[in-house]
Amino acid sequence: MATAIEEDFKNEVLRLAGEEVRTCIQCGTCSASCPTAHLMKPSIRRLVKLCLEGRREEALHNETLWLCTSCLLCTVRCPRGIRPKMVVSALKELADREKIESPGKNYDHLFNKQIEEYGRISELPLIGEFLLFYPQGTVQSMKVGLELLPRGKITLEREQVMGKDEVKRIMEELGK
């Protein structure tokens with residue numbers, strides 16, 4: 001039997017995401033459709049289950065919330081018409097209310113800083129700076145970099161772009 005706290009959490013998620021979430025049959029179609037599923041812990045299917053079980057801490061403190069790309073494949077392919085993306089959105093809203101930050105907040109800060117300073121992203125310096133905060137990602141970043149560099153998909157230079165001051169003004173206006 002669920003506690004009152006678990007029921008309150010579940011009901012708040014359902015209020016934000018939609019009552020149809022109750023009808024989830026845990027088929028896994030959402031997770032199988034997700035392009036970032038291989039990175040998600042827990043999977044989107046499991047995240048929905050955690051919400052339905054009222055497991056607040058596990059549902060709010062995980063990487064899945066921040067890895068969702070909002071592509072809506074989970075929603076399009078759900079045989080029950082559930083919108084798993086809305087569950088993610090509901091959890092993000094609850095996390096925001098409780099001041100729970102993305103584990104990638106350092107990356108977000110560096111990303112925004114580069115846009116302000118240069119008007120664009122330069123991948124190699126961005127990853128280099130980020131790996132100072134997250135050294136355990138070095139091997140994976142090197143593998144990806146070695147595939148992308150010869151194809152011209154990342155550059156070694158930091159290019160200045162026209163309109164840099166306008167980009168900086170927009171970022172300041174957004175409070176970034």
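Just so you know, these numbers use all the heavy atoms, side chains as well, and skip hydrogens, waters and symmetry mates.
- Using a 4.5 Å heavy-atom threshold, the side chains of Glu129 and Gln114 count as touching.
- Side-chain contact check for Val13 versus Val21: every heavy-atom pair is 4.5 Å or farther apart.
- Using a 4.0 Å cut-off between a side-chain N of Lys or Arg and a carboxylate O of Asp or Glu, Arg169 and Glu172 do not qualify as a salt bridge.
- Ser43 places none of its side-chain heavy atoms less than 4.5 Å from the side chain of Thr64.
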* Asked: Please walk me through it: do Leu91 and Leu60 pass side chain to side chain contact (heavy atoms under 4.5 Å, CB included)?
  -> CA-CA 6 Å; Leu91 291 171; Leu60 288 175; 3.8 Å; yes
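- Between Leu65 and Val88, the shortest heavy-atom contact is O-CG1, 3.8 Å.
- A salt bridge is defined here as a Lys NZ or Arg NE, NH1 or NH2 lying under 4.0 Å from an Asp or Glu carboxylate O, and Lys49 with Glu58 fails to meet this definition.
- At a threshold of 4.5 Å between non-hydrogen side-chain atoms, the residues Glu12 and Arg97 count as touching.
- Salt-bridge check for Arg83 with Glu20: passed, with a basic side-chain N closer than 4.0 Å to an acidic carboxylate O.
- Scanning both residues, Asn62 and Lys41, for their nearest heavy atoms gives CB-O, 3.7 Å.
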* In sequence, state the C-alpha distance, the side-chain angles, and the governing distance for Arg77 and Cys30, and then conclude on side chain to side chain contact (heavy atoms under 4.5 Å, CB included). => CA-CA 7 Å; Arg77 295 186 176 152; Cys30 53; over 6 Å; no
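- Here the shortest heavy-atom pairing between Cys68 and Lys85 reads SG-CD, 3.7 Å.
- Residues Cys51 and Phe9 come closest through the heavy atom pair CA-CE2, 4.1 Å.
- Residues Thr23 and Ile82 meet the side-chain proximity criterion, which asks for heavy atoms closer than 4.5 Å.
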